[in-house]
Amino acid sequence: MNLISVDDLTNEMYLELFGLTEMFIEVSTRPIPKVPTLRGKTLATVFFENSTRTRLSFETAAKRLSADSLSFSASTSSLSKGESLFDTINTLDAIGVDFLVVRHSRAGTASMVANWTQAAVINAGDGCGEHPTQSLIDCATLVRRFAKPDLESLDRSKTINKYLSGLKIAIVGDVLHSRVARSNIKAFTNLGAKVTLVGPPTLIPDNIESWPVDVCYDLDQVISEMDVIYLLRMQNERFDESMVPSTLEYSKNWGLDMARLKRLGPDGVIMHPGPINRGVELTSEVADSTQSLILDQVRHSVPVRMAILAMLANLIGGGHE
Ligand code: CP
């Protein structure tokens with residue numbers, strides 16, 4: 001099994017992942033935070049785009065599950081000598097890897113790689129496509145914060161769409177280029193949340209009517225109704241300057257400052273997948289406020305990615321108990 005899109009996940013898989021995440025959060029508190037689940041397995045991170053959080057948390061997750069890990073970096077590889085992506089993947093396959101964690105600037109790359117390898121492929125972000133493991137981190141963070149305790153006593157597989165029911169989430173900013181937004185819209189609505197997209201009209205996709213979301217171009221109009229403000233990074237590397245008047249204009253209209261945070265109310269929370277641009281999507285005061293879950297998202301990244309690897313290993317018949 002591969003994890004290319006959140007569409008690959010059944011409701012049972014979400015529940016299994018939330019359960020495993022709790023288990024691995026407990027493991028992370030032990031003096032030696034390590035279990036033998038992936039002993040004898042090898043994971044390779046294969047990144048053609050820069051990363052801090054995703055690469056380091058996958059490599060930490062692999063180590064805590066007792067797997068060996070390899071780190072392929074495009075800039076220092078034989079790609080510079082003309083080797084193709086296809087031959088690079090064949091080479092890793094021949095070395096012998098069980099998991100390929102792939103990031104690339106082109107949408108569809110992880111899916112293409114999955115056709116060339118025996119390893120389980122995990123999409124760690126493909127251009128403007130999807131970022132399913134970031135989405136699972138965000139879902140786990142929201143479920144830990146907001147899920148209804150009474151769900152425990154019900155038939156859990158039938159109640160997945162009630163986990164975040166009634167929760168109002170605004171996803172704010174550069175939706176057009178955001179793989180995180182594409183994965184999160186599907187996952188948040190699957191868990192029962194109501195999603196509103198907010199941003200400049202030029203950064204909201206044209207075919208938005210077919211998405212299960214509301215759209216508003218004015219953050220001030222909706223902010224007081226929201227429980228969660230999920231900020232997106234301005235992906236300057238993926239668009240030309242003409243899509244927003246200026247960074248200053250963007251932060252004035254769609255950036256989160258203390259005045260807007262006050263209107264969100266004391267129970268509202270702020271999320272961002274990172275990396276954050278202080279002074280653009282949010283001010284430093286907001287980023288460092290007690291209402292910010294940004295570092296909680298990072299804290300959950302290792303146990304959630306351990307859960308993903310353990311679940312996939314189990315599905316392909318390789319994990320140790
Ligand atoms: N959120 C995220 O994917 O961060 P990195 O680009 O640092 O991996």
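Fair warning: this is a prediction, and the values are worked out from it, not measured in the lab. Counting starts at 1 for both ligands and their atoms, in listed order.
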Please produce the table of protein N or O atoms sitting under 3.5 Å from N or O atoms belonging to ligand 1, one pair a line, distance to 0.1 Å.
unit_1	atom_1	unit_2	atom_2	d
ligand 1	1 (N)	Gln134	OE1	3.1
ligand 1	1 (N)	Pro273	O	2.8
ligand 1	1 (N)	Gly274	O	3.2
ligand 1	3 (O)	Thr54	OG1	2.9
ligand 1	3 (O)	Arg103	NH2	2.9
ligand 1	3 (O)	His131	NE2	2.9
ligand 1	4 (O)	Arg53	NE	3.0
ligand 1	6 (O)	Arg103	NH1	2.9
ligand 1	7 (O)	Thr52	N	2.8
ligand 1	7 (O)	Arg53	N	3.0
ligand 1	7 (O)	Arg53	NE	3.1
ligand 1	7 (O)	Arg53	NH2	3.1
ligand 1	8 (O)	Ser51	OG	2.6
ligand 1	8 (O)	Thr54	N	2.9
ligand 1	8 (O)	Thr54	OG1	2.6
ligand 1	8 (O)	Arg103	NH1	3.4
ligand 1	8 (O)	Arg103	NH2	3.4

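Ring centroids of Phe72 and Phe48 are separated by less than 6.0 Å, placing the two rings close together.
Residue Arg233 comes nearest to Pro275 through the heavy atom pair CD-O, 3.0 Å, listed as atom of the first residue, atom of the second, then distance. Annotation for Leu65 and Ala310: closest pair CD1-N, 4.4 Å, computed over non-hydrogen atoms. The two residues Asp93 and Ala119 come nearest to each other via the heavy atoms OD1-N, 4.1 Å.
Using a 4.0 Å cut-off between a side-chain N of Lys or Arg and a carboxylate O of Asp or Glu, Asp68 and Lys41 do not qualify as a salt bridge. Looking at Asp214 and Lys194, a side-chain N of the basic residue comes within less than 4.0 Å of a carboxylate O on the acidic one, giving a salt bridge.
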